[in-house]
Structure formats: C-alpha cells, structure tokens
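The analysis underlying the following values was restricted to heavy atoms, covering all of them including side chains, and did not include hydrogens, waters or symmetry mates.
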Amino acid sequence: MISKEQFNWLPLAILASAQVLLVFNIATLKISIEGIITAFDAGSGMVKTAIIMYSLMVAASVLASTRLAIIVGPRRIFRISIALFGAAMAVMAWSPNATVLLLAQMIAGAAAAMLTPASVQLIATHYADEQRAVALGRLSATRSLSLAPAFLIAGAIATWTDWRLTFMLLLLLAATIYLGSLYLRHDAGLLPRVRMTVTEMAGLAAVGVALVLIGLGSDNLINWGVLRARPGAPFSPLNLSPALLGMLFGVVLIKLVLIWLARRRVGGCLRVMQLLNTPVQRSTLLSIFTIAAVSSGVTFLIPLYIEIVQGRSSLVTAYALLPFTVASFIGALSVSRCRGAAMRNVTRYAFLVVGGGLVLLGGIVRNNWSDASVVLSLAAIGLGEGALATLLFKTIASAAPTDISEDVEPLCSATSHFAAAVGAAIAGALVIGVLSVNVNRHLARDPAIGTELRAHLDLNRVAFISNDRLQQALEQSPLAPEHIANAVQINTDARLSALKLSFFALAGLTFVGFLPVARSR
C-alpha cells in the first residue's frame, strides 16, 4: 500500500483538474441546448455541430499530439494546451454568434487532443512503479467521477443565471491550472530524443482528414441528403450527396493507409494503426466505437427532448441524466478487477444490458423522466456503458504487442471521440429524419391542414422545436385556430415517436457491436 506521506498528490491534482475542464466543456454544451440556441436564434443542430466539431478535432489529432508531447516535452505541451483551452473558453463565454462558438469548440478540441497524452506522460514523469499505476487509475477515474457533477453544476448555472457563466468559470479554472503547472517537473533529459518523419506526418494527416470527412458527412446527412443531393448541398457531382461522398472517401482513405502500413515499415505512433489489420483487435475497436457512439447519442437525445420539446430547464435535464452518469461510474469501477474469461463474459452481458435498456427506454418513454422504469432503463444503459468502456480498453491493451502498447490508449481515445461525433450526428439525423416522415404522414391524413401548412412552413426542413415556438410561428399566419391546434398536436405526437424510434435504432447499433464480442472466445 502507498501511504499518504509517500504519495505526492500535487502533480496528480493539477493533471486531474485538467481532465475536469474537458468534462465540463462538453457537459455544458449538452445541458445548455435551449439557452445556446435562444442566444443565437439558431436551431438545435448548431449545438450538435459544435459537439461534433470538438470530438472530431480530438479524434483527428490525438495520435499526432501523443508524438508531439514526446518530441517537445509533456510539460510544455500541457501548458500550451491549457492556455489554448482557456482561450477557447474565453471565446465561448463572449461568443457573439454561432460561427464563433463553433470555432471555439474546434480550438478546444485541438487543445484537448494535446492535453490528454501530455497528462499521461507527466504521470510517468512524476510517479514510478506502483505509484504510477495508482496515479493513472485515479486520473482515469476523474473523468468518470466528474461527469455527474458537471451536468448538475452546468445545469444549475444555466437555469439560474446564464450558460456563459460556466465557460467563464472554466476560464478561471484553466488559468489556475496553468499557474499550477509551474510546479510540474521539467522533462528535459527524461525523454528519448525522437523525430517525426515526413512519412509519419503524411500518414497522420491522411487519417485525420479521413475522420473529419466521415464526421462532417454524418453531420450533414439531413442538410445535404443521404443518397441524392438536396438543394442546400454545396456541390452535387452526378446528383450524389456530398455527405455520402465525404463518408465514402474517408473510409477509402483509411483503408489506403492500412494497406500502405501493411506493405512498409512505418515508425512512430502510426504503428498502432496496424491493430486494424488484426481481426480480433479490429473487432474490439469496432465495439469501442459502437458503445461510445451509443452513449453520445443517448446523452444528446435526452437533453434535446427535455429542453426543446418539454421546455424544461437545464437543471431538470441534469437530474434526468443522473441515473446514466452515476451508473456509468459504478459500472467502470465494478469491473476494474475482471480478468480472463470473466472479463469476456461480463463484456457480453454488458452489451446485452445496454441494448436491453435502450429497447426498454424506447418502449416506455413518455414525458415523465422521473418514472421508475425510465430511471431503471437509463441506469442499465449507463451501467453497461461504463463497464464496457473499461473492459474493451483492457482487452485491446492486453492483446497489443509490447512495442506499440504506449500508443493503444491514444488510439482508443481517437476511436471514442470519433464515435462520439458520429453518434451525435447519427442520433440527430435519425430524430430529425423520423420526425419529418412522421409529420408528413400525419399531414397526408388531413390534406386541408397539410396544404395550408406547406403554404406557410418549409416542411422539407422539419426541425425539433417546442410547441410554444411552433404556435408563435403559426399565429403569424392566417391559419384557423383549429388548424393551429391540430398542427401542434401533430408536432407533439411526431416528436415522441421520433425519440422512441431513435432509441430503438441505437439499440440495434448496440447489438451490431455485440456480434464480434459474442463470437470471441
């Protein structure tokens, strides 16, 4: 055991506080949807895009940032990333429009990509042997443990004051961490002398571009079209959707990188990409991607529905997400000692628990998020998600060759953040797509209402809006009161149906990720 006198808590406290920054940033975005779109008079898709851009920037640059921290030194990179993140929080707090907010999240994503690997390397600089393992475990636990307080605190601030205040507080925390980083040990002479070759940089750039193309394509499926290009698409070669073409080109680009890696010896952090050429590790990464995408989809859909549809506060949203976030931490903690066959069995059961929880949630969800069955469903999803996040990482880390073991964590981080971006994009596309189908199906039953509504609203671009906002818009038109009432009821029914079907779709995605795990021995 490590006594309190032996363990130096100051470096760990500084590094753990930086992880709290990252958690609070993304939690505030998700919990403040209504406040942000009201401030900028934008749709809910803008917040979704901000979440996606943050996650894509982390995914696209975390591998390169890991290498950069070794070359430049983790302490320098840590301080640069904290300063950059603080600048992004300042821009978030005083952003005048949605475009600036998106830019701020891109900066925050780039900073987060540098901060995480630098923190892990600084743990190795300050702690050795058993202390290093303890410090790494507590650093990882900080991310899970701070998620529930992040939702609650950000929700309370957004409800009682203004969502911008949270980002001001994050700016102050970033400044405090930056000053505290002066106490971190200098890394001069402690790290091997390495260089990043042109070949390695080209490969990393290709992977980053591929991830961004797939993520942006997923985000714009509704706006640009799924197969055929819509009128709002920026270009339409052969009348095909740019979203589809971007996703296909990204997948092909990653495949070309893998073929290139298989044919020649490439050093640096790109070596870890070779895991994608191994069926077992590739299946595990697919499972990591699946569960991270599902988690991102759930934590995007619930705030969207509670704040936009039900018109409730951010604090109510935080309470609704509490069963999921607390259960996720408990799930991660409870499986930390699993090994061997027990780990494989628990992984299978955890997937089934997540899928079953989503099916149950889709079947019973109404307008009451304090209902016992809804709370149980969210707790089951969170419990399984937390367990899987820990177990799947341990599975791939234990199977990775020794020479690339240090790069496994950045690869898993890139996979998880990429999945978070795609998960939010898919959830948004699903819920809007299903909503549009439902609205037009309801209107087809009453052609009189449908004709009048189409004369005053663009029903080709149906959006997730509250009944109050819809009614205010319709009252500006010459529609009769009974037609307005019918339109509001159609909106109410269609949104709930869209939410339920989206949860069922996420359950289907979970079972897709379960298949390779079920076949493993």
Pair Trp160, Leu315 - check side chain to side chain contact (heavy atoms under 4.5 Å, CB included), show working. CA-CA 9 Å; Trp160 297 332; Leu315 188 57; 3.7 Å; yes
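- Residues Ile302 and Phe324 are not in side-chain contact: their nearest non-hydrogen atoms beyond the backbone lie 4.5 Å or more apart.
- Annotation: side chain of Gln105 is in contact with side chain of Asn25 (closest heavy-atom distance under 4.5 Å).
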Would Val120 and Thr66 count as a side chain to side chain contact (heavy atoms under 4.5 Å, CB included) here? Give the steps. CA-CA 9 Å; Val120 173; Thr66 302; over 6 Å; no
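- For the pair Met247 and Leu244, the minimum side-chain heavy-atom distance is 4.5 Å or more.
- Closest heavy-atom contact between Gly246 and Leu213: O-CB, 3.5 Å.
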Check the pair Ser287, Phe351 against side chain to side chain contact (heavy atoms under 4.5 Å, CB included), reporting the backbone distance first and the verdict last. CA-CA 9 Å; Ser287 296; Phe351 261 109; 3.7 Å; yes
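- Nearest approach of Arg164 to Ala93, heavy atoms of both residues: NH1-O, 3.0 Å.
- Between Val23 and Thr142, every side-chain heavy-atom pair lies at or beyond the 4.5 Å cut-off.
- Nearest heavy-atom pair, Leu322 versus Ala148, reported as atom, atom and distance to 0.1 Å: CD1-CB, 3.9 Å.
- Ring orientation note: the planes of Trp163 and Phe40 are nearly perpendicular, at an angle over 60° on the 30°/60° scale.
- Side-chain atoms of Trp224 and Ser236, non-hydrogen and from C-beta on, never get closer than 4.5 Å to each other.
- The shortest non-hydrogen separation linking Ser296 to Ala424 is OG-N, 3.5 Å.
- For the side chain to side chain contact (heavy atoms under 4.5 Å, CB included) test with Lys30, the passing option among Thr317, Leu304, Ile51 is Ile51; the others fail.
- The environment of CZ in Phe504 is crowded: more than 12 heavy-atom neighbours from other residues, nucleotides or ligands sit within 6.0 Å.
- In this structure the side chain of Phe289 reaches within 4.5 angstrom of the side chain of Val422, judged on heavy atoms.
- For the pair Ser314 and Thr159, the tightest heavy-atom approach, listed with the atom from each and the gap, is N-OG1, 3.3 Å.
- Closest approach of Pro303 to Leu321, counting heavy atoms only: CG-CD1, 3.9 Å.
- The 12-atom threshold is not exceeded at OH of Tyr319, counting heavy atoms of other residues, nucleotides or ligands nearer than 6.0 Å.
- Contact of the Met57 side chain with the His417 side chain is not registered, since no non-hydrogen atoms from C-beta on lie closer than 4.5 Å.
- In this structure, the side chains of Thr347 and Leu388 come closer than 4.5 Å at one or more pairs of heavy atoms.
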